[in-house]
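Structure record follows, encoded as C-alpha cells.
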Amino acid sequence: MTRVLNIAHRGARSLAPENTLAAARMARHAGADMWELDVAVSADGALFVMHDDSLQRTTNAAQRFPDRAPWTFSGFTLAELEQLDYGSWFSESDPFGEAAAGNITPAAMAAFRGEPLLTLRAALHFTRRHAWQVNVEIKRLPAPLENFPVAAAVVAMVDELGMAEQVVVSSFVFENLRAVHALNRTIRLAALTGLVETEPQLPDLPLFGVNPHYVGLTDGAVRGLRARELAVLPWTVNAEDEMQRLIDAGVSGVITDFPQRLQRLLGS
Ligand code: G3P
Ligand code: CA
C-alpha cells in the first residue's frame with residue numbers, strides 16, 4: 001500500500017512561524033513528505049510566501065509602517081517587505097500552545113524573533129536542496145494585483161530551477177490551474193475545494209488530485225475520487241482521531257499544522 005503523504009500546512013506552523021524557512025525546517029525535522037505554502041506578490045512583482053492579504057497578523061508591519069493600514073501586502077515593495085520581522089509574533093503568541101506544552105524550547109522560541117521574509121525562490125531552493133516536495137498554493141491576489149500573471153510567474157520560476165517534479169500547484173481559482181497547464185504539462189495540479197459535495201465540481205484538466213476541506217469528507221467521497229485516479233489530500237486536519245478516520249477512508253495524504261502528530265500516527 002502506498003504511504004499516506006504527510007503534508008505540512010504553511011510549514012510546521014504549530015512549531016514555528018508559518019510560511020517561513022523556520023517552519024519548513026521544522027516540517028522536515030518532523031518527517032513531512034511535503035510542505036504547503038501560499039504565494040503572494042509584492043507591489044513591484046516579486047513572488048514571496050504569505051497567507052493573509054494583510055501583513056498585520058504575521059509580521060511587525062503595523063509597528064514598522066504605522067500609517068499604512070490595513071497593510072495589504074500588494075502595496076509593499078520587496079525592499080519594504082525585507083525590512084519586516086516574520087517571527088516575533090509567533091514567539092509572543094505561541095498560537096498553537098506548543099511552547100506552553102513544552103514542545104518548543106524557550107531558546108527556539110527566542111530564535112524565531114527577526115525571522116526574515118521568505119521569497120518563493122528561496123522556498124524552492126530549500127525544497128530542491130533537500131530533494132523534498134512542495135505544494136504551492138496560488139490564491140486570488142488583492143488589488144491592485146488582481147490581474148498579475150502569478151501562475152505564469154510561478155511556472156517560470158519552477159522551470160528555471162528545473163523543479164517540475166518536486167512541485168504540486170493547488171488553487172481554489174481553477175483559472176490558475178489552467179494557466180499552469182497551458183505552460184507546463186508536467187507540474188502536478190490539485191483542485192482546492194471547500195466543504196465537500198459528493199460530486200465536487202472539478203475543472204476539465206488532467207488533475208493529479210483534489211485538496212478538499214476535511215469536514216464532511218465521507219468515506220464514499222474519498223472512494224469516488226480515488227476511483228477516478230485522483231489523489232485526495234484533505235486540509236487542514238489537526239486532530240488525531242480525524243487523521244485516523246481519513247487514513248482509514250483511503251486518502252492519499254493529509255495536510256496538517258501538526259506533521260509531528262501525523263508522523264507518530266503513521267508509525268515512522
Ligand atoms: O491547501 C489547503 C489550505 O492551505 C487552504 O487554505 O487558507 O490555509 O491557505 P488556507
Ligand atoms: Ca494554503
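Note that this is a predicted model, so its numbers are computed, not measured.
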### Task
Check the pair Gln260, Ser14 against side-chain hydrogen bond (donor to acceptor under 3.5 Å, both in side chains), reporting the backbone distance first and the verdict last.
CA-CA 9 Å; Gln260 66 278 28; Ser14 60; 3.1 Å; yes
### Task
Could you walk me through whether Arg64 and Glu80 pass side chain to side chain contact (heavy atoms under 4.5 Å, CB included), step by step?
CA-CA 10 Å; Arg64 182 74 187 74; Glu80 289 172 331; over 6 Å; no
### Task
Evaluate the criterion side chain to side chain contact (heavy atoms under 4.5 Å, CB included) for residue pair Thr59 and Leu81; output intermediate values, then yes/no.
CA-CA 9 Å; Thr59 79; Leu81 293 166; over 6 Å; no
### Candidate pair Val168 and Asn211, rule side chain to side chain contact (heavy atoms under 4.5 Å, CB included), full reasoning
CA-CA 11 Å; Val168 172; Asn211 295 9; 5.8 Å; no
### Task
Go through the steps to decide whether Val169 and Val155 satisfy the test side chain to side chain contact (heavy atoms under 4.5 Å, CB included), and finish with yes or no.
CA-CA 9 Å; Val169 170; Val155 172; over 6 Å; no
### Task
Could you give me the CA-CA distance, side-chain angles and deciding distance for Arg121 and Glu160, then say whether salt bridge (Lys or Arg N to Asp or Glu O under 4.0 Å) is met?
CA-CA 10 Å; Arg121 182 175 291 275; Glu160 181 197 332; 3.0 Å; yes
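With contacts defined as side-chain heavy-atom distances shorter than 4.5 Å, the pair Leu21/Glu115 qualifies. A heavy-atom distance below 4.5 Å is not found between the side chains of Gln201 and Phe174. Residues Glu137 and His51 are not in side-chain contact: their nearest non-hydrogen atoms beyond the backbone lie 4.5 Å or more apart. You'll find the side chain of Leu78 reaches within 4.5 Å of the side chain of Leu117, heavy atoms only. In this structure, the side chains of Asp219 and Arg245 come closer than 4.5 Å at one or more pairs of heavy atoms. By the 4.5 Å heavy-atom criterion applied to side chains, Thr77 and Ser42 are not counted as neighbours. Using a 4.5 Å cut-off on side-chain heavy atoms (C-beta onward), Ser252 and Leu5 make no contact. Looking at heavy atoms from C-beta onward, Met34 lies out of side-chain contact with Ile255 at the 4.5 angstrom threshold.
Atom-to-atom distance recorded for Met157:CE and Leu47:CG is 4.5 Å, nearest 0.5 angstrom. To the nearest 0.5 Å, atom CG of residue Leu189 and atom CG of residue Leu202 are 12.0 Å apart. In this structure, the separation between CZ on Arg185 and CG on Leu205 is 9.0 Å, given to the nearest 0.5 Å. Put simply, CD on Gln244 and CG on Leu262 are 9.5 Å apart, with the number rounded to the nearest 0.5 Å. Atom OG of Ser91 sits about 9.0 Å away from atom CD1 of Ile104, to the nearest 0.5 Å. Interatomic distance, CG of Leu265 versus CD1 of Ile247, reported as 5.0 Å (0.5 Å rounding).
Residues Phe48 and Val167 share a single hydrophobic cluster, defined by chaining ILVMFWY side chains whose heavy atoms lie under 4.5 Å apart. In the hydrophobic cluster analysis, where Ile, Leu, Val, Met, Phe, Trp and Tyr join through side-chain heavy atoms closer than 4.5 angstrom, Val158 is grouped together with Phe126. Val180 and Leu161 fall within the same hydrophobic cluster, defined by Ile, Leu, Val, Met, Phe, Trp and Tyr side-chain heavy atoms under 4.5 Å apart, directly or through other members. Using a 4.5 Å cut-off between side-chain heavy atoms of Ile, Leu, Val, Met, Phe, Trp and Tyr, with links allowed through other members, Trp235 and Leu217 fall into different hydrophobic clusters. Tracing side-chain contacts under 4.5 Å through hydrophobic residues (I, L, V, M, F, W, Y), one never reaches Leu15 starting from Leu118; they form parts of separate clusters.
Remark: Asp94 engages no residue in a side-chain hydrogen bond (donor to acceptor under 3.5 Å, both in side chains) (not counting sequence neighbours). For Asn19, the side-chain hydrogen bond (donor to acceptor under 3.5 Å, both in side chains) partners two or more places apart in sequence, or in a different chain, are Asp38. Contacts of Thr20 classified as side-chain hydrogen bond (donor to acceptor under 3.5 Å, both in side chains), with partners at least two apart in sequence or in another chain: none.
The list of salt bridge (charged side-chain N to carboxylate O under 4.0 Å, His left out) pairs with a residue in residues 99-109, not counting sequence neighbours, is empty. Sorted by first and then second residue, the side chain to side chain donor-acceptor pair (under 3.5 Å) pairs involving residues 140-153 (not counting sequence neighbours) form an empty list. Under the salt bridge (charged side-chain N to carboxylate O under 4.0 Å, His left out) criterion, the residue pairs touching residues 11-31 are Arg10-Glu18, Arg13-Glu18, Arg13-Asp257, Glu18-Arg57, with sequence neighbours excluded.
Here the side chain of Thr105 pairs a donor or acceptor atom with the backbone of Ala108 at under 3.5 angstrom. Looking only at distances, a side-chain donor or acceptor of Ser171 sits under 3.5 Å from a matching main-chain atom of Ile138. A side-chain donor-acceptor contact under 3.5 Å links Ser74 to the backbone of Ala143. Proximity of a side-chain donor or acceptor of Thr256 to a complementary backbone N or O of Val237 within less than 3.5 Å is detected. In this structure, the side chain of Arg178 does not engage the main chain of Pro203 through any donor-acceptor pair within 3.5 Å. Judged by distance alone, the side chain of Trp132 and the main-chain N or O of Trp35 form no donor-acceptor pair under 3.5 Å. Checked by atom type and distance alone, the side chain of Asp33 pairs as donor or acceptor with a backbone atom of Asn6 at under 3.5 Å.
Within 6.0 Å of atom NE2 in His29, 12 or fewer heavy atoms from other residues, nucleotides or ligands are found, so the atom counts as exposed in its surroundings. Remark: Asp248 CG is packed, more than 12 non-hydrogen atoms of other residues, nucleotides or ligands lying under 6.0 Å away.
Contact detail for Phe148 and Ala153: the closest heavy-atom pair is CE2-CB, 4.2 Å. Shortest non-hydrogen contact noted between Gly114 and Asp85 is N-OD1, 3.1 Å. What you find for Leu124 and Met163 is that their closest heavy atoms are O-CE, 3.2 Å. The minimum heavy-atom distance between Asn238 and Met243, with the atom names listed, is O-CE, 3.8 Å. Taking all atoms of both residues into account, the shortest heavy-atom contact from Phe73 to Pro142 is CZ-CD, 3.4 Å. Between Arg226 and Val251, the shortest heavy-atom contact is NH1-C, 4.0 Å.
For Ser54 and Asp52, the side-chain atoms include no donor-acceptor pair closer than 3.5 Å. Judged by distance alone, the side chains of Glu36 and Asn135 never bring a donor and an acceptor atom under 3.5 Å apart.
With Phe112 as reference, Phe90 is the one residue of Tyr86, Trp89, Phe90 to meet the ring pair (Phe, Tyr, Trp, His ring centres under 6.0 Å) rule.
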